[in-house]
Every structure is written in C-alpha cells, then in structure tokens.
2 protein chains.
Amino acid sequence: MTESLRPDSVIDDAATVTGIVKAAMAGTQNPRLKEIVDALVEHGHAFLKHVRLTDAEFEQGLAFVRAVGQACNDRHNEVVLLADVLGFSTLVALMNNADASTRTPGALLGPFYRGGSPEYENGESIACEDSPGAPLFVHARVLDTSGRPVADATVDVWQASPVGLYENQDESQPEHNLRGRFRTGADGALSFRSVRPAGYPVPTDGPVGALLAAQQRHPYRPAHLHFAIFAEGHATLVSQVFADDSEHLDTDVVFGVNRRLIGQFEQHAAGTGPHEDQRDAYYTLDFDFILAEGTPTYPTPPIQ
Amino acid sequence: MTESLRPDSVIDDAATVTGIVKAAMAGTQNPRLKEIVDALVEHGHAFLKHVRLTDAEFEQGLAFVRAVGQACNDRHNEVVLLADVLGFSTLVALMNNADASTRTPGALLGPFYRGGSPEYENGESIACEDSPGAPLFVHARVLDTSGRPVADATVDVWQASPVGLYENQDESQPEHNLRGRFRTGADGALSFRSVRPAGYPVPTDGPVGALLAAQQRHPYRPAHLHFAIFAEGHATLVSQVFADDSEHLDTDVVFGVNRRLIGQFEQHAAGTGPHEDQRDAYYTLDFDFILAEGTPTYPTPPIQ
C-alpha cells in the first residue's frame, strides 16, 4: 500500500502543503467558492510561513478565534467587530465602491444595521419625545453623477444616541429609536429631525477589546450617522456621515472615516438660524449623496 | 477640524487602508504580537483584494466564522477542525519540525489530546478489558539523532477505538480508555498492548462539514495512533503513526500523513508470530522515533 501512494498526495515538508491542500479542494462545484477558498489557503499559508508561527502561538490564535465566535449573541457580533478593527470591513466597503471619484464613497455597514426601520415623512423626527441631546436638523439630497436629483429613493438612517448607544444596546430607548426610513421627493431631498449622536467606544469586554488594549488603541468611533440608500437604476450606497467637530475623527477604531464623508455640523444659538423657533442651541447638517448607476443589491433592499 | 486631520489618518481609497491600519497598531507593546498582527493584516487584506470579495460574500464569510466559533463546546473544537481541513495545522506542525531529515517529522496535535493520561508499565494494555477489536502489540524505541537510546522519555499515547471514536466522544468507553503514558527503559524502548484503531470521519454536523461537502471531499482520516514524546535535552515530538494498510491514506482530510510516519501493521494468524499465545488474529507494530536535541516545550509536558 505504501508504495502505491500517489507521490503528490502525501506531505513530506512544509513546502508541499499548499499545493496538496488546493488539489484536495479541486472538486469544489461552485467556481466562486473554489476561487475564494483557494485564495484563503494561499494567503493563510503565506501568513503562517511569514511569521513562522510556533505551535503554542497557533494554539493561542485558534483559541482567540474560538473566543471571538463564542462572544457573539443576538445583540452583539464580535466577529464583525474583529473584522472592523483590523480594517477588513473598510477595505471591502471601499473595494466595492471603486471609482468613487464622481460619487459618494461607501463606508462599512457596521453591526448595528437592522433594516425594517419605521417609515417617516420628510421633516418628522426619528428621536423619541423628550429625547435628551442637542436637536439636529438633517437636510440631504440624493443625486446622480450628473447632479440630477434621484426621486423616490429609499433612505434608511440609523445612529447612536447622545450618550453613544444604539437603541438595541440601551434599555432606556424605545424600540427603533433613532432609526428611520425616508423617501426622497422630486427634488431628491429628504429631511428629518433628530438629536446629535455622540461618538462611542466599540464593546471592549470581549477578546477584541483585549486585542485593542494590547495594541494601545482607544476603542472610540467619532460621532456619525449611518445611511443606506436604495434607488431604482442605482447601486445601493451604504455609507456614514461624520461630524466635523467630533473627537477621534483621525483615529476611528474601525477606520470608517473618509475625508469626503465628513459633514459640517453647524451649531446655531437658540432663536437664530434656519430653525429660529428652537428654544435651545441646535445643529444643522446639509449633505449631498451622489449615487452611481447600477442595480440595488446589498444589503437586501427593505420591503417598500 | 477637517483641515487639521493628518493626511495619513483618513482613508480615501482601498490602496491606503493597509498602511493606515498598520500605523494604528504601531503602539503594540509586545513585539511578537505586533509582528503577527501586522502580517495578519497584510495577508488578510491581500486575500480580500485578490478575490475582490463582495459585500455579500464578506457577510457570508463573517457568518461562517461566527458559526464555527459557536459550534465549539467542551467536547468539540470546530475552530481546530477548520484549521485542520485547510492544512493550516499540518503546515504549522511541519514548520516547527523543520530539518526533519535526521529525526521523525511531527504531525498535527489534533483536537483529542487531553494530557494527564493514566501511567502504565511497559507491556500493559491501554484498552479496557473485553474491548472489541483486533489486538495490537506496539513496540517502539525512542532514539536520538545518533541512534542512541533515549532513556526515561515520557511517551503519551492516544488513539481512536476500533469503531473510530475517542473515549471522550463515546459513552460506551470508560474514561481515558485507549490513552496511556509510558516511560522508556535504558534501551529507549516502550511497549504496550491495545486494539487496532479504525480510521474515522471528522465531525460533519457543523459548518466545516458543510464546507467539505461543497468541496466534494470525504471527511475521513486513515487509522493512526497519536504520540507525544517528552525527554530531557530533547525537543518535544508530537506526531502520529499511520497504519500502512488503512483506507484514505493518500486523502487524509486533515493532511496529516507523512510518508515517514507510515508504520507497518503486521498481521499474524492466531497461534503464530511473536505473541503466539493469542487466540485471535492480531497485529504488531514496530516503530522507531528519533528525537532532536532541544528543550521539551509544547504541549506543556505532563506532570511526572
């Protein structure tokens, strides 16, 4: 039996492993799956060789991955968090928004997207009554690459509270607070009222938090609003708009900040500016989103 | 604020991401951790770019990693299994047994190592009384690279049953069945009685099983015994010895088979051969392990 072994089927040294593994996977029926796992094996093996990982380090690495998986639950995805803090998520978002010279760049979806947000009319508030925090009036336009308004676009908005928590992290907020879905008018515009979001730390009680601590990195994201924009004839845009006066704008722990995604959060004293009926100081944000032609795809467009 | 952003701190396209992530991790205090995570980011980003992973594929990939982590429990480690079927574990084992030209190559530790096996005298049986299966008599020698016997080596042995299950997978076996720890004599030899192990499928009820199915790969390992050998003045050897007449010897699902780790499982009719008092047909296995000079390290040497 020993003599009958195919010479390419038994592994005698580290140099031959990658080819033998790829040969074993050659029967993969889905060609895209084959391409992806082949590349994963090539790059994964190259990583292991590059650092000459020891047995003990390998065991520690596998235990880390296990702990990351086990830290996931209905309200938290530590795997997404790991991908975020290593820049994987931002890289994927940017790759799939290539040629962003004429349109708005994408940004990572993040773990707090829920879909199915409440529908609102333009001008309504996505913040519950008596919500703490400085009022924020958002006026946005959805345009195509020629500058023409995109009417009837669905715009899904979600954001953290003035203390930096999404509603599904925070028992003090009602269900779907600070989430809403709007539709652009003939002028491509949408508008809503909210409260100014705060920047926040990503969760640090899991293994990814321990990694950040070992790397001497702070866990903060600058203040931002999330947008997902769906329109017939246009590629879906998943992006974020960052407050220009926010802390940590140049050290976002998940690398989401793109210069072109920084919005001017303009502060107005009570009784002044476009909403002069306000009794407290408030902010306004004006932002234009530019969509590329294409087909609405990911994430699955909300039911309309 | 926008103007004061450091030009290298805000990500404007996919080409700049990797450098910015590495810069963010530059404060890592442990230099080895820094080296490893830097390389992980480089190779991980290279993988994502190589296959131009789409947003939806990225989401599927993260969900797969999450499912792998969540499939782990006290008796099963799906993360190790994934590393095994992608050849990562074998590559690490071989890298850390470089220069195996004069000594016995290592093989992956596998998920069934427990340590703390019962101590036995040479010649005793690691199989419980009335164990089903063909008797197997193992005689092994532990030698140094000059061929001199290594006395007083601790040899930890573990194996699957004749139906391919380790005792901690199988309620019909007593605790620590088919596991034992031996000590070599002045002649470097150890010997024990057991039953012939069967090859077995790796667990296929988790996400890794689904991957194997999509790759049209069978889930089997050929029949083998595990050995971990610890001796003063020598590098620990973690290895496996495969039955030369086993099925799947050239398609081990975890790529553990090395030509030099194939042992001759010699079959004897009842009443013949070196154990002619046997009333049933039986097997003998003779195998020499050659240790390199070094320090016993991984896995942690058992308490002696």
Side-chain angles (χ1 to χ4, degrees), chain A residues 1-2 5-6 9-14 17 20-21 24-25 27-28 33 35-36 39-41 43-48 50-56 58 62 65-66 68-70 72 79-80 83 86-88 90-92 94-96 214-217 244-245 249-250 255 257-259 262 298, chain B residues 1-2 5-6 9-14 17 20-21 24-25 27-28 33 35-36 39-41 43-48 50-56 58 62 65-66 68-70 72 79-80 83 86-88 90-92 94-96 214-217 244-245 249-250 255 257-259 262 298:
Chain A
M1 177 72 189
T2 309
L5 289 170
R6 285 181 288 116
S9 66
V10 171
I11 291 171
D12 290 322
D13 61 60
V17 178
I20 289 173
V21 173
M25 308 188 311
T28 307
L33 180 67
E35 182 180 16
I36 290 171
L40 179 68
V41 166
H43 290 277
H45 287 198
F47 159 69
L48 296 171
H50 181 160
V51 297
R52 285 196 71 83
L53 211 66
T54 68
D55 293 303
F58 186 54
L62 296 178
V65 173
R66 175 181 172 143
V68 167
Q70 300 253 313
C72 295
V79 174
V80 169
L86 296 178
F88 287 22
T90 288
L91 176 58
V92 170
L94 288 174
M95 268 196 315
N96 291 302
Q215 294 178 324
Q216 298 196 283
R217 292 166 64 184
D244 60 336
D245 59 353
L249 207 51
D250 57 357
F255 308 102
V257 181
N258 181 307
R259 201 178 306 275
I262 296 171
Y298 174 85
Chain B
M1 177 73 190
T2 309
L5 289 171
R6 284 181 288 115
S9 66
V10 171
I11 291 170
D12 291 322
D13 61 61
V17 179
I20 288 173
V21 174
M25 308 189 309
T28 308
L33 180 67
E35 182 180 15
I36 290 171
L40 179 68
V41 166
H43 290 278
H45 287 200
F47 159 68
L48 296 171
H50 180 161
V51 296
R52 285 195 72 83
L53 210 66
T54 68
D55 293 304
F58 186 53
L62 296 178
V65 173
R66 176 182 171 143
V68 167
Q70 300 254 311
C72 296
V79 173
V80 168
L86 296 178
F88 287 22
T90 288
L91 177 58
V92 170
L94 288 174
M95 268 195 316
N96 292 301
Q215 294 178 323
Q216 299 196 282
R217 291 166 65 184
D244 59 339
D245 59 354
L249 207 50
D250 57 357
F255 309 102
V257 180
N258 182 307
R259 201 177 305 275
I262 297 172
Y298 174 85

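- For the atom pair Ile20(A) CD1 and Asp250(B) CG, the distance stands at 10.5 Å (nearest 0.5 Å).
- In plain terms, the two heavy atoms of Gly27(A) and Gln216(B) that are nearest each other are O-OE1, 2.7 Å.
- His45(B) places a side-chain N or O within 3.5 Å of a backbone atom of Leu86(A) that can act as its donor or acceptor partner.
- Annotation: maximal heavy-atom pairing with chain B below 4.5 Å, among Val41(A), Thr28(A), Val80(A), occurs at Thr28(A).
- In this structure, the side chains of Phe88(B) and Leu48(A) come closer than 4.5 Å at one or more pairs of heavy atoms.
- Taking every heavy atom of both residues into account, Gln70(B) and Gly69(A) meet most closely at NE2-O, 2.7 Å.
- Your options are Ala83(A), Ala214(A), Cys72(A), and the one with the most heavy-atom pairs under 4.5 Å with chain B is Cys72(A).
- With sequence neighbours excluded, no residue forms a side-chain hydrogen bond (donor to acceptor under 3.5 Å, both in side chains) with Arg66(A).
- Using a 4.5 Å cut-off between heavy atoms, Leu40(B) touches chain A through backbone and side chain atoms alike.
- Interface remark: Val92(B) contributes backbone and side-chain atoms alike to the contact with chain A (heavy atom separation under 4.5 Å).
- Taking every heavy atom of both residues into account, Ala39(B) and Val51(A) meet most closely at CB-CG1, 3.4 Å.
- In this structure the side chain of Val21(B) reaches within 4.5 angstrom of the side chain of Phe255(A), judged on heavy atoms.
- Every residue was checked against the ring pair (Phe, Tyr, Trp, His ring centres under 6.0 Å) condition with Phe58(B), not counting sequence neighbours, and none meets it.
- Asn96(B) contributes no side-chain N or O that, together with a main-chain N or O of Arg52(A), makes up a donor-acceptor pair within less than 3.5 Å.
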